[in-house]
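These notes concern the structure reproduced below.
These numbers come from a predicted model, not from an experiment. So that the names make sense, note that chain A is the first sequence line, chain B the second, and so on, each numbered from 1. All values below were derived from every heavy atom in this structure, side-chain atoms included, with hydrogens, water molecules and symmetry-related copies excluded.
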There are 2 protein chains.
Amino acid sequence: MEKRSRNAAATRQAILESAVTAFTKRGYDGVGVREIAADAGVTAMLVNRYFGSKEGLFTEVVDTAFAPPTMIPDNPEVPVRLARATAEALVARTAPGAEHLGPFELMLRSAANPRAADIIRAGIERHVGARFAAGLEGPDAQERAEVGLALLAGVWLMRTVIGTPALRDSQTPVLTDRLAAMLSVVVDP
Amino acid sequence: MEKRSRNAAATRQAILESAVTAFTKRGYDGVGVREIAADAGVTAMLVNRYFGSKEGLFTEVVDTAFAPPTMIPDNPEVPVRLARATAEALVARTAPGAEHLGPFELMLRSAANPRAADIIRAGIERHVGARFAAGLEGPDAQERAEVGLALLAGVWLMRTVIGTPALRDSQTPVLTDRLAAMLSVVVDP
DNA sequence: GTCTATAAATGGATAGAC
DNA sequence: GTCTATCCATTTATAGAC
């Protein structure tokens, strides 16, 4: 039985998990591979050994973070419930005391880097965008899905990354109602 | 008559203009003071001499970029026109061939850095946010203004910074109608 | 399978000359 | 008022030992 610290697969996984957290909290340009490796208990060299480069690591991080349906339900019910359920999830996840993790935070904190933005766009097309569009009926499903994602991303940006005061202090039911009404414009066919 | 290259005010202004362009195109973490100085025809040392630090320079850049009313009209007409006019301006400015400049791009490309995010939040409160809220009637004007800004920022992000395909290729009138309908949720009292 | 050591480049900021 | 030269920290990535 090999030691954990000499198991390649476990080491790779530890690096990947450390990278998901680090990139999500501080963005592609905000973290170095040294720090990611140290959090995983290894040296920076192994990051390049297992993922080729920082960019290669980020590609796997995006795939890991965007794959699970954290915000858009996988099997949506009737569309009118989709708008409200999504608005509720958004308001809850961006509340002042909440954990600021997940794919949206990863996107917002890494989008400034053009290479990272390309990788994110590919991840959106494969996962969140496709999942959202599949839940919509009627014409222009993909465009409507992307407009919906834009609203989610914008609210996440202003409320948690920038931290504008009125959105931070906003009362949950009022904000939820407003966002649900806006989302229903793209969700209701 | 002093030479331009020995006029402190002109040099300061040249650095500031170079910095507005550079930070807007590549974000706070994406440019170095060396590059900004070189574009202004001076050395990096003068940046620190006139602005104290990169952070001090960024503070003035934000104030410069957020001051003019580039997207939210200064003297809005009836609110129902405000939603449509804003949607039209947004779609035009984020069109594939358009110039990707202005305060939204500056915000989106710099928000990942926490210090830059703080400076941006202050700029929004003083300029865009206040201007937008002043154009709204009814209760919760500031919250509604910030939700509107969130939609604008999110669309700008997805359409030009990330570049999701359906939004890039979207037909102008359809997209404009949809965004105007969403904006009217927060604009119409 | 993982390490130390280091290469090669780049970052912001400063000292002191002119 | 502006420059050259430099300091010091930090980055990604690689070479070679164990």
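At least one side-chain heavy atom of A/Phe51 sits under 4.5 Å from a side-chain heavy atom of A/Leu16.
Here C/dT4 presents its P atom at 10 Å from CG of A/Leu46, a figure rounded to the nearest Å. Between the CD1 atom of B/Ile36 and the P atom of C/dA13 there is a distance of 11 Å, rounded to whole Å. Distance, A/Arg12 CZ to C/dT2 C1': 16 Å, rounded to whole Å. Distance, B/Asn113 CG to C/dG11 P: 15 Å, rounded to whole Å. When rounded to the nearest whole Å, the span between CZ of B/Arg49 and P of C/dG12 equals 20 Å. Rounded to whole Å, atom P of C/dG1 lies 12 Å from atom CD1 of A/Ile15. Between B/Phe51 atom CZ and D/dT2 atom P there is a gap of 12 Å when expressed in whole angstrom units.
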Just the atom pairs and distances: protein N or O near nucleotides 6-9 of chain D's N or O, under 3.5 Å.
none

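Salt-bridge check for A/Glu35 with A/Arg26: passed, with a basic side-chain N closer than 4.0 Å to an acidic carboxylate O. In this structure, A/Arg109 does not pair ionically with A/Asp29, as no charged nitrogen and carboxylate oxygen lie closer than 4.0 Å. Using a cut-off of 4.0 Å between Lys/Arg side-chain N and Asp/Glu carboxylate O, A/Asp118 and A/Arg115 are scored as not salt-bridged.
Residue A/Val42 places its side chain closer to C/dC3 than to any other of D/dT14, D/dT2, C/dC3. Distance from the side chain of A/Ser53 is smallest for D/dA13 among the nucleotides D/dA13, C/dA13, C/dG1. Among the nucleotides D/dG1, C/dA13, D/dC3, the one closest to any side-chain atom of B/Met45 is D/dC3. Side chain of A/Asn48, nearest nucleotide from C/dT14, D/dT14, C/dT2: D/dT14. Proximity note for A/Lys54 (side chain, C-beta onward) versus D/dA13, C/dT2, D/dG1: the nearest is D/dA13.
When the C1' atom is used for both C/dT10 and D/dT6, the distance is 15 Å, rounded to whole Å.
Side-chain nitrogen and oxygen atoms of B/Tyr50 include at least one within less than 4.0 Å of the OP1 or OP2 phosphate oxygen of D/dT2. A sub-4.0 Å separation between OP1 or OP2 of C/dT2 and a side-chain N or O of A/Thr43 is absent.
If you take CG on B/Leu101 and CG on B/Leu106, they are separated by 10.0 Å, rounding to the nearest 0.5 Å.
Of all non-hydrogen atoms in B/Ala87 and B/Thr176, the two that sit nearest each other are CB-O, 3.8 Å.
Across the interface with DNA chain D, nearest-nucleotide mapping of A/Gly52 and A/Glu35 shows A/Glu35 to be the residue nearer the 5′ end.
In this structure a side-chain-to-backbone donor-acceptor pair under 3.5 Å is present from B/Arg168 to B/Gly163.
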